[in-house]
Protein chains: 2
Amino acid sequence: MQIHHYLKQFDIKPSVQRTAVMDYLMSYKTHPTIDEIYSYLSPFMPTLSKTTIYNTLNLFVEKGAVLQLAIDEKNARYDADISNHAHFKCKNCGKVYDLFDLKQELFAKPMLEGFDIHTVELSYSGICGSCKGMN
Amino acid sequence: MQIHHYLKQFDIKPSVQRTAVMDYLMSYKTHPTIDEIYSYLSPFMPTLSKTTIYNTLNLFVEKGAVLQLAIDEKNARYDADISNHAHFKCKNCGKVYDLFDLKQELFAKPMLEGFDIHTVELSYSGICGSCKGMN
DNA sequence: ATATATCTTTGTAATGATTATAACTTTGTA
DNA sequence: TACAAAGTTATAATCATTACAAAGATATAT
Ligand SMILES: [Mn+2]
Ligand SMILES: [Mn+2]
Ligand SMILES: [Zn+2]
Ligand SMILES: [Zn+2]
């Protein structure tokens with residue numbers, strides 16, 4: 001199964017729960033919160049615990065398989081797409097959108113004396129198209 | 001007094017507490033948390049309440065006088081420098097550094113169909129110079 | 001200057017996200 | 001099968017933030 005293989009690439013043992021979480025993240029690219037992941041999976045896996053979702057995502061982030069986004073002040077949000085892209089958070093509806101069509105230069109890690117830069121996070125906020133003109 | 005005048009520019013009435021918080025933010029550019037601000041000011045203002053620090057900073061952010069940084073997953077951090085600059089958070093010591101010497105293009109708000117972009121936040125993380133070679 | 005309304009601050013309680021803990025279950029191996 | 005290691009679960013604890021209501025300060029009208 002491809003998700004099993006993908007997890008192994010990051011040195012993650014593919015349990016049923018871990019596979020389900022990664023499958024969800026790869027299928028629904030909505031940058032979900034822990035609660036959203038748990039609420040979706042729980043009906044399919046009645047014994048699933050929210051702690052497992054926390055454990056699983058902490059492991060995924062640690063192993064580099066998933067990004068933890070800081071764009072939402074309230075809850076952590078997770079993204080299985082670890083390629084260079086930015087995010088936009090709507091101040092009105094809270095939805096987090098992907099922004100792929102930006103110059104790659106924006107994601108360059110600057111060479112700065114005294115800083116060993118590992119990660120780059122570029123976030124925008126404002127009002128999204130669906131919310132414009134409403135409210 | 002200059003801080004009073006500065007606050008008024010943002011339509012903020014300069015109370016004693018608000019002035020003290022803005023003074024602190026402008027003097028110590030360490031991107032402090034609520035707790036750090038409270039711990040510093042409390043000895044000088046014995047009746048000060050932590051709720052006031054929360055109220056004050058929420059007001060400052062709402063009025064655009066201060067930036068709330070999302071770079072730290074645990075606590076909100078605040079910055080009185082609202083000019084274009086990026087931040088670096090050390091994964092080891094947790095300190096948040098300013099990065100001023102970056103191209104202004106990095107802070108441009110891209111023109112994208114369906115997005116009305118108000119703010120840009122550019123954050124890096126990795127290991128800082130003081131932490132390199134230690135641990 | 002006094003009364004009244006509005007704004008601000010304060011302390012406490014409530015909420016909500018995340019982590020710690022310990023028991024239980026599953027998996028891998030001898 | 002037997003044992004050890006890894007993973008999952010439920011519950012309790014922690015910690016940041018917000019809600020609330022009372023008290024205090026400031027502004028406005030008489
Ligand atoms: Mn994304
Ligand atoms: Mn700064
Ligand atoms: Zn929206
Ligand atoms: Zn450091």
Is any side-chain heavy atom of [X] less than 4.5 Å from a side-chain heavy atom of [Y]?
{"X": "Ile12(B)", "Y": "Phe60(B)", "answer": "yes"}
{"X": "Pro110(A)", "Y": "Ile117(A)", "answer": "yes"}
{"X": "Leu57(B)", "Y": "Leu25(B)", "answer": "yes"}
{"X": "His118(B)", "Y": "Tyr124(A)", "answer": "no"}

Using the ring of each side chain (for Trp, its six-membered ring), is His85(B) parallel, tilted or perpendicular to His87(B), with breaks at 30° and 60°? perpendicular

Identify, between Asp35(B) and Val16(B), the residue whose nearest nucleotide on DNA chain D lies closer to the 5' end.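 The 5'-side residue here is Asp35(B).
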
How close or far is atom [atom2] of [N] from atom [atom1] of [X], stated in whole angstroms?
{"X": "Ile53(A)", "N": "dA17(C)", "atom1": "CD1", "atom2": "P", "result": "15 Å"}
{"X": "Leu59(A)", "N": "dT18(C)", "atom1": "CG", "atom2": "P", "result": "17 Å"}
{"X": "Glu62(B)", "N": "dT8(C)", "atom1": "CD", "atom2": "P", "result": "12 Å"}
{"X": "Lys13(A)", "N": "dT26(C)", "atom1": "NZ", "atom2": "C1'", "result": "12 Å"}
{"X": "Arg77(A)", "N": "dT18(C)", "atom1": "CZ", "atom2": "P", "result": "11 Å"}
{"X": "Leu57(A)", "N": "dA17(C)", "atom1": "CG", "atom2": "C1'", "result": "14 Å"}

Tell me whether the OP1 or OP2 atom of dT19(C) has a side-chain N or O from Tyr54(A) closer than 4.0 Å. no

Once you apply a heavy-atom cut-off of 4.0 Å, does Asn55(A) come out as touching a base, just sugar-phosphate, or nothing?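 Base: the residue Asn55(A), judged by heavy atoms under 4.0 Å, touches a nucleobase.
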
Stepwise side-chain contact (heavy atoms from CB on, under 4.5 Å) test for Cys128(A) and Phe88(A): CA-CA 8 Å; Cys128(A) 81; Phe88(A) 173 93; 4.0 Å; yes

Interface residues of residues 37-52 of chain A with DNA chain D (non-hydrogen, below 4.0 angstrom):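 Thr47(A), Leu48(A), Ser49(A), Thr51(A), Thr52(A), in order of number.
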
Can you run through DNA chain D from 5' to 3' and write each base as (, ), [, ], | or . depending on how it pairs? Watson-Crick or G-U wobble, both distances under 3.5 Å. ||||||||||||||||||||||||||||||

Which is the 5'-most and which the 3'-most nucleotide of DNA chain D that has an atom under 4.0 Å from a heavy atom of chain B?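 Reading along DNA chain D, I get dA16(D) to dA19(D).
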
